Chemist: 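Dropping the structure in here first, questions after.
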There are 2 protein chains.
Amino acid sequence: MAAKPDSQGSEPASAASGTGARELRWDIIELLFFAYRDFVGDADQELEAFGFGRAHHRVIHFVTRYPGLKVADLLDVLRITKQSLGRVLKQLLDEGYIVQKTGNNDRRQRLLYATPKGEALVAKLAGLQTDRINRALAGIDAAGAETVRQFLRAMIDRDDPDKVLEAIFGSSKKARE
Amino acid sequence: MAAKPDSQGSEPASAASGTGARELRWDIIELLFFAYRDFVGDADQELEAFGFGRAHHRVIHFVTRYPGLKVADLLDVLRITKQSLGRVLKQLLDEGYIVQKTGNNDRRQRLLYATPKGEALVAKLAGLQTDRINRALAGIDAAGAETVRQFLRAMIDRDDPDKVLEAIFGSSKKARE
DNA sequence: AATTTATGTCAGCCATATTGACGTATCTTG
DNA sequence: CAAGATACGTCAATATGGCTGACATAAATT
């Protein structure tokens, strides 16, 4: 038996040392964990059929959505090193999901573009995730859906936004700059 | 330059083959990605100081929150194999963050409990995440916060719920059982 | 011409996940 | 009770996707 959160009862003893012992958002913390677990799980199954993993999905997704993304931009978005990106990106290039074009202004840059093949894969995966989102929003009206977006936007760090985030947030580049 | 989603313009060509070509929820898909990236990022830094990774966090979190959780329950929640859990759990046991107790009814079971040391770590990490959530909910009223919870709950798979999910959802165990 | 920048790559390491096999204690069932 | 199923632990091998550090090249900048 066991396994029942003491949501009202005894909070963890020594509490948050140095962080203060105010009310912790256990509910939302755990809902986020499970929601994201199942959200990414949708794509995982499909990806297996292509011999890809989550890393490939993230790369092809953002390249499809933001055509002409530079390698450096992608590194900012994914928060990984170029060595890590390298392996995954090379596979996607070799297998024809992505193509590179030399930058016009700066010929050092390799601008990334998804091929139709890549776009198709991304759309398929986004379709699965969209299904889940639509189901989740089924009982929520337009105003509620906007509240959900507002919450998610506010969960994101806005200091030092990468190129994709600037696009998402309409580049209100804060103070710096 | 580049990097601007063609949110209105040309959707990916070959669209979702087999999944239908209706509107895809690009915005929420990406907001979820960034929100979760930064959400778990909070804990990452702290964990480094303890020599732990995300895997340790997930384990100690759920053990703290659901005292007496069985090993099998934890495997369901985390969706990993017992071999993977094994190493991480052993570390947490060895270093005194978790203790095991033999089940009363079933002596094969090893019920897991967080020590005060473990609870303190979990509370500290939950504190960081709570700060972010509170900031995100700052401009949202009580009804809006409930909408957010409703959305997150609805994003979670309800078929074959694990023990923790049953607790979270008030065990409305669907048909099976 | 010297330096910096954007990218690629080699080499190795680490964390975390996997599958498969096997062992042991304990509960359940015929 | 004997047989089988279950809960858990563990050994071994492997894969993925991160990491650091070092180094190379081409192109832009100064």
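Chain letters run A, B, ... following the sequence lines, proteins first and then strands; every chain starts at 1. In this text, all values refer to a predicted model and were calculated from it rather than measured experimentally. Below, each value reflects all heavy atoms present in this structure, side chains not excepted, and no hydrogens, waters or symmetry copies.
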Chemist: Please write out each protein N/O paired with an N/O of nucleotides 27-30 of chain D under 3.5 Å, distance rounded to 0.1 Å.
Modeler:
residue	atom	partner	partner atom	Å
D:dA27	OP1	A:Arg107	NH2	3.4
D:dA28	OP1	A:Arg107	N	3.0

Chemist: With nearest nucleotide decided by heavy atoms, which residue, B:Gln100 or A:Phe52, maps closer to the 5′ end of DNA chain D?
Modeler: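 Closer to the 5' end of DNA chain D: B:Gln100.
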Chemist: Spell out, as yes or no, whether a donor-acceptor pair under 3.5 Å connects the side chain of A:Thr147 to the backbone of B:Gly144.
Modeler: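 Not confirmed, A:Thr147 side chain does not pair with B:Gly144 backbone.
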Chemist: To the nearest Å, how far apart are A:Leu74 CG and C:dA6 P?
Modeler: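 Atom CG in A:Leu74 sits about 15 Å away from atom P in C:dA6.
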Chemist: For A:Lys70 and D:dA26, give me the distance from atom NZ to atom C1', rounded to whole Å.
Modeler: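 One finds 16 Å between C1' of D:dA26 and NZ of A:Lys70, rounded.
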Chemist: Name the residue closer to the 5' end of DNA chain C, choosing between A:Val71 and B:Arg110 according to the nucleotide with the nearest heavy atom.
Modeler: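 Between the two, 5'-proximity favours A:Val71.
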Chemist: Between B:Arg132 and A:Met155, is there a donor-acceptor pair closer than 3.5 Å when you use the side chain of the first and the backbone of the second?
Modeler: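 Judged by distance alone, yes, a pair lies under 3.5 Å.
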Chemist: Rounded to whole angstroms, how far apart are CZ on A:Arg37 and P on C:dT16?
Modeler: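 A:Arg37 atom CZ is separated from C:dT16 atom P by 19 Å.
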Chemist: Could you state the atom-to-atom distance from CZ of B:Phe50 to P of C:dA15 in whole Å?
Modeler: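 My rounded result for the distance is 17 Å.
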Chemist: What's A:Gly53 touching, base or sugar-phosphate or nothing? Going by heavy atoms closer than 4.0 Å.
Modeler: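 Sugar-phosphate only.
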Chemist: Can you tell me if A:Arg149 has over 12 outside heavy atoms packed within less than 6.0 Å of its CZ?
Modeler: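 It does: A:Arg149 CZ has more than 12 such atoms within range.
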Chemist: What is the distance, rounded to the nearest whole Å, between atom CG of A:Leu112 and atom C1' of C:dA6?
Modeler: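 Computing the A:Leu112:CG to C:dA6:C1' distance gives 12 Å.
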Chemist: Once you round it to whole Å, what is the distance between P of C:dA6 and NZ of A:Lys101?
Modeler: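 Distance, rounded to whole Å: 22 Å.
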Chemist: How would nucleotides 18-23 of chain C be written as a contact map, 5' to 3', with B for base contact, S for sugar-phosphate-only contact and - for no contact, using protein heavy atoms under 4.0 Å?
Modeler: BBBB--
Chemist: Under 6.0 Å between the ring centres of B:Phe62 and A:Phe33?
Modeler: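 So the answer is yes for these two rings.
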Chemist: With nearest nucleotides of DNA chain D determined for B:Lys90 and A:Arg54 from heavy-atom distances, which residue corresponds to the more 5′ nucleotide?
Modeler: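 By nearest-heavy-atom nucleotide position, the 5'-most residue is B:Lys90.
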Chemist: Without decimals, in angstroms, what is the distance between B:Leu89 CG and D:dA7 C1'?
Modeler: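 The distance from CG of B:Leu89 to C1' of D:dA7 comes to 14 Å, rounded to the nearest Å.
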Chemist: Side chains of B:Glu30 and A:Tyr66: donor-acceptor distance under 3.5 Å anywhere?
Modeler: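 The answer is yes; a qualifying pair exists.
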Chemist: Test your reading of the model: is there a side-chain donor-acceptor pair from B:Asp38 to the backbone of A:Asp157, 3.5 Å cut-off?
Modeler: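 Judged by distance alone, yes, a pair lies under 3.5 Å.
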Chemist: Within a 6.0 Å radius of atom CG on B:Asn104, are there more than 12 heavy atoms belonging to other residues, nucleotides or ligands?
Modeler: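 12 or below, so no.
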Chemist: Tell me whether B:Glu95 is salt-bridged to B:Lys90, with the criterion being a basic N under 4.0 Å from an acidic carboxylate O.
Modeler: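 No, B:Glu95 and B:Lys90 are not salt-bridged.
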Chemist: Has A:Thr130 got a side-chain atom pairing as donor or acceptor with A:Ala126's backbone, closer than 3.5 angstrom?
Modeler: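 At least one qualifying donor-acceptor pair exists.
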Chemist: In whole Å, I'd like the distance from the CD atom of A:Gln91 to the P atom of C:dG8.
Modeler: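 From A:Gln91 CD to C:dG8 P: 15 Å.
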